Amino acid sequence: MLELTISAETEEPRDCKICATKNAGFNYGVQSCNSCKMFFRRALDTSKMITCKKEENCNILDPEGSKCRFCRFHKCVLVGMKFIDSPQDPSAIINDLLHKDWTRNQHFLTGKAASTVKFKDIFERGVFLFEKKSEDTVFDFYEWGVMNHLTCINFETSLSFMKYLSKSDLTCVLKSSHLLYMIFVTAWRSYTAKKEFMCHPDGSDIFPSEVEPSAYNEKLINEIRCYLLSCLICLRVTEEEFLLLGVIIVCNPGIPDLSQTGRMLLASYQSMYGQTLQRYCSFKYGSNAGALRYLEIISLSTAIARCHSAIANFSTLFPIHQPQHVKVNLFTEILAFLIK
DNA sequence: ATTCAAGGCCAG
DNA sequence: CTGGCCTTGAAT
């Protein structure tokens with residue numbers, strides 16, 4: 001009787017939660033064999049993309065599916081393997097973001113989109129090719145807009161957690177979060193240039209020149225131009241706060257259509273960046289004022305969402321009020337895809 | 001954590 | 001078919 005209970009309890013739960021090998025140990029917080037531990041460690045180490053050649057649902061338990069690195073890695077995540085070293089050094093995280101953001105801004109200020117860029121390539125994973133633009137190049141609204149999209153997407157996809165996401169999850173993230181992030185970047189850029197309304201680096205408008213402001217509700221136009229920017233000015237947002245809130249927005253796990261592993265991955269990274277922001281705030285403002293400050297910065301995302309919704313309203317009204325000025329180009333294609 | 005031999009995969 | 005490169009799992 002006693003013997004039966006022991007054998008029943010000791011044999012089953014010892015299996016590796018990923019590949020079902022007997023006599024698994026305990027690694028990364030999960031019952032797992034040594035091979036899966038090594039596999040997981042290596043998958044985290046490499047900066048290379050891991051992809052599935054089939055449908056991203058290979059069965060790790062059958063010998064055929066067990067060869068798929070993507071599906072094995074995602075099963076590791078699914079059964080709960082911890083993939084973030086905790087706790088992370090806040091200054092290392094911030095420095096990494098500073099560097100990525102600097103690169104984004106350089107591309108935006110000095111580059112132009114390569115002529116080969118097509119709409120269908122934009123939301124795929126990969127590095128965009130930017131060409132140097134000459135000193136005397138003058139961008140119109142649409143050219144600034146395309147560069148803003150491309151450089152922001154390039155930044156977003158360069159974030160460390162993006163390489164873990166499946167193709168469809170990557171598309172979900174970009175489709176739901178990219179425009180919010182780009183709006184925030186545009187407001188930040190105008191804020192650092194000490195402007196009182198949103199504009200491009202050369203001071204040109206964030207509306208196409210053919211837009212006739214009097215055809216629209218003045219409140220709507222002002223909301224897009226000024227509301228978010230006035231929040232940044234009012235809060236005197238620092239660069240670190242901008243960078244961290246930016247990634248917190250990009251790794252929002254609450255967006256629709258994500259796979260379960262995608263949600264878990266994003267949630268962990270969002271929490272890591274959130275903790276970094278908390279620690280930054282309490283370091284900079286003291287622990288009491290820091291807690292309040294953290295909430296103020298987080299609540300900026302409401303202002304970003306408000307601007308986003310105003311832009312969505314505007315782009316619905318534009319073809320109604322000024323149908324003769326509707327254009328089809330790369331910028332309007334991207335916007336239509338994001339707002340639909 | 002690092003090292004190593006074996007096996008798989010791809011290009012020539 | 002062959003050689004080189006990469007991944008893997010077990011041993012150190």
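Each chain gets a letter, A, B and so on, in the order its sequence line appears, and its residues count up from 1. Computed from a predicted model, the values in this text were never measured in an experiment.
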>> Rounded to whole Å, please give me the gap between CZ in A:Arg42 and P in C:dC5.
In response: 19 Å
>> Could you check whether A:Arg225 pairs with A:Asp205 (Lys NZ or Arg NE/NH1/NH2 to Asp/Glu carboxylate O, under 4.0 Å)?
In response: yes
>> Nearest whole Å is fine: how far is C:dC5 C1' from A:Lys48 NZ?
In response: 9 Å
> Rounding to a whole Å, what distance do you find between A:Ile18:CD1 and C:dT8:P?
Replying inline: 14 Å
> Taking CG from A:Asn34 and C1' from C:dT7, how many angstroms apart are they, rounded to a whole number?
Replying inline: 15 Å
> Hey, does the Lys NZ or Arg CZ of A:Lys112 hover above the aromatic six-ring of A:Phe139, less than 6.0 Å from the centre and inside 45° of the axis?
Replying inline: no
> A:Phe83 ring centre to A:Arg41 NZ or CZ under 6.0 Å, with the angle to the axis within 45°?
Replying inline: no
>> Using the side-chain heavy atoms of A:Arg69, tell me which of these nucleotides is nearest: B:dA1, C:dT7, B:dC10.
In response: C:dT7
> What is the distance, rounded to the nearest whole Å, between atom CZ of A:Phe40 and atom P of C:dT7?
Replying inline: 17 Å
> Does A:Phe39 reach the side chain of A:Ser35, with side-chain heavy atoms less than 4.5 Å apart?
Replying inline: no
> Nearest-Å distance, CE (A:Met38) to P (B:dA6)?
Replying inline: 18 Å
>> Tell me the interatomic distance from A:Lys67, atom NZ, to B:dA6, atom P, rounded to whole angstroms.
In response: 20 Å
> Atom CZ of A:Phe73 to atom P of C:dT7: distance rounded to whole Å?
Replying inline: 15 Å
> Under 4.0 Å between a side-chain N or O of A:Arg41 and OP1 or OP2 of B:dA1?
Replying inline: yes
